[in-house]
Amino acid sequence: MSVRVRFAPSPTGYLHIGGARTALFNWLYARHTGGKFILRIEDTDAARNSHEAVKVILDGLRWLGLDWDEGPITADATGPSKGDCGPYFQSARKENYQRRVEALLSRGLAYEHEGAIKFKMTREPILIPDLVVGDVVRPLTDREELDPDWVLVRSDGQPVFHFVNVVDDLDMGITHVIRGEDHLSNTAKHIALFNAFGVRPPKYAHIPLILNKDGSKMSKRDTGASLATYLEEGYANEAVVNYLCLLGWSPKDNREMLPVKDVVELFDLPQILRHNARFDMDKLNWLNGEYLRAMAPDRFYEMSVHALARAGLNPDGHPLPYVKAALDTCRGKFKLFSELPAYGGFYFREEITCDPEAAQKCFTPENKPRVEKLRDAFGKLATFDAASLEAALKAVAAELGVKVGVLVHPVRLACTGSSSGPSLYHLMEVLGKDKVMQRIGSVLTVST
RNA sequence: GACCCUAUGGUCUAGCGGUUAGGACACCUCCCUUUCACGGAGGUAGCCCGGGUUCGAUUCCCGGUAGGGUCGCCA
């Protein structure tokens, strides 16, 4: 039987990083086995159902590159979809639930209670065979002993999650349920329901959860919990995917950076780790830096420009060759695009504000004449390129009998406003003679 | 309270009945260097605890502890 897996998020308005990984693992398994990856929107709760909230999910999955074989095409619950098992919004599947309730009712497996419909739950412990965790026996808890039956349909007519989830998986022919371990205990309910419908339950694979760095549960408000953060802050999507793959799964060959197509090839359920993983932003950032370094130039420019614009700078107001040359000097020097405005923003600003502390160290009465001398030397340069600038600076340093750093630091600060940045000689070449002379000049006139 | 899952450096992990317990991030030192980053060399740091089984347990079993999860007319 061909594999059919699904990702069934509830449109809450954001896509949790853990949910994103669940989607990824489902997708990886589908692609590994040649099966189908289905997207189903669990919008039973009307309060959580909004076009915008669904869009967040679709955008997130698309950004990660997790294409679905069946499911909605747009965020509109009544809009078009692909696949033969639709609708793919629970809000549009009411008849199915109704039909299933009646089937249980007519066979005495469910009953009405105070206006709600409850399921006659098995009293016996239930065996949950799990591809990740192994066989799990789940007896009733003490509270459940008091009343093992549970609500299928609320008194207001709304079916509950555990019920619709099972009915949809059944109607959609889902073969493997890959989901967060938080559902492991509840799986007993689901298996009992499948049994009541007289069908074999799907295979289960409960994957460990993603925790905060401190080991606490990662919830909505925690840093990095929302996938949208990475999208907005200009992470490379393949870095995020790569990092997520490494959380609870390993290629076992010490590779850290590996393309998703390799993961598709190697991925399988039994090798998923059984313990929760903590989210390590440092490692994600490192990986992002690696991908950023390997990124095709045009994409690098595009993402850089986006990051600069987001920080209020206007790179598009400069000639394209200038922008590209400027960005080339920044390439490989930072891990996150969000660092770029601080790193290379001086290329696109008219006014440079120097760090006061650094300025005090650099623009001393002793240094000023030296910098002035250097400026004069720069002024006489016929060609204002990195090699000439370097030669000129070194010549002046030699003449003054000082180390190059004595000149480099003040000039860097004057040109960029910062004590760290791209290669000084290259940066000055890109900036051009006018701006360099002007920026050096302006720090010389300011008293310190 | 009951039940379920889990346990290798700070973090992600590889591994195994006998290994100098491997890699990566982070951190520290040094080198390279105009700064930063990269790169190179080195370093600190780990098998949760207690019982078994065994000639021998990090590895297998049991217990404890700790962390996580579930027990809703939330999803």
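Order of the sequence lines fixes the chain letters, A, B, ..., with proteins taken first and strands second; residue numbering starts at 1 for each chain.
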Answer yes or no: side-chain N or O of A/Ser423 and base N or O of B/U34 forming a donor-acceptor pair under 3.5 Å.
yes
To the nearest Å, give me how far apart CG (A/Asp253) and P (B/A14) are.
11 Å
Taking the side chain of A/Arg138 as heavy atoms from C-beta outward, which of B/A37, B/A75, B/C3 is closest to it?
B/C3
Nucleotide nearest A/Lys252 when distance is taken to its side chain, options B/G15, B/A75, B/U35:
B/G15
Grab the CD1-C1' distance between A/Ile207 and B/G69 for me, whole Å please.
14 Å
Hey, does the side-chain of A/Arg274 have a donor or acceptor N/O within less than 3.5 Å of a partner on the base of B/U6?
no
Check if the side chain of A/Tyr343 and the base of B/C36 share a donor-acceptor pair of N or O atoms closer than 3.5 Å.
yes
Atom pair distance, as rounded to whole Å: CG in A/Asn285 and C1' in B/C38
17 Å
Check: A/Ser185 side chain, B/C71 base, donor-acceptor under 3.5 Å:
no
So, does A/Arg154 get its side chain near the phosphate of B/A75, meaning an N or O under 4.0 Å from OP1 or OP2?
yes
Would you say that A/Phe334 contacts A/Leu292 through its side chain, given a criterion of any heavy-atom pair below 4.5 Å between the two side chains?
yes
With a 3.5 Å limit on both atom pairs, tell me what B/A26 is paired to, counting Watson-Crick and G-U wobble, or say none.
none
Give the rounded distance in Å between these two atoms: NZ of A/Lys283 and C1' of B/G9.
13 Å
Whole Å only: how far is the NE2 atom of A/His275 from the C1' atom of B/G46?
13 Å
A/Met428 CE to B/U35 C1': how many Å, rounded?
12 Å
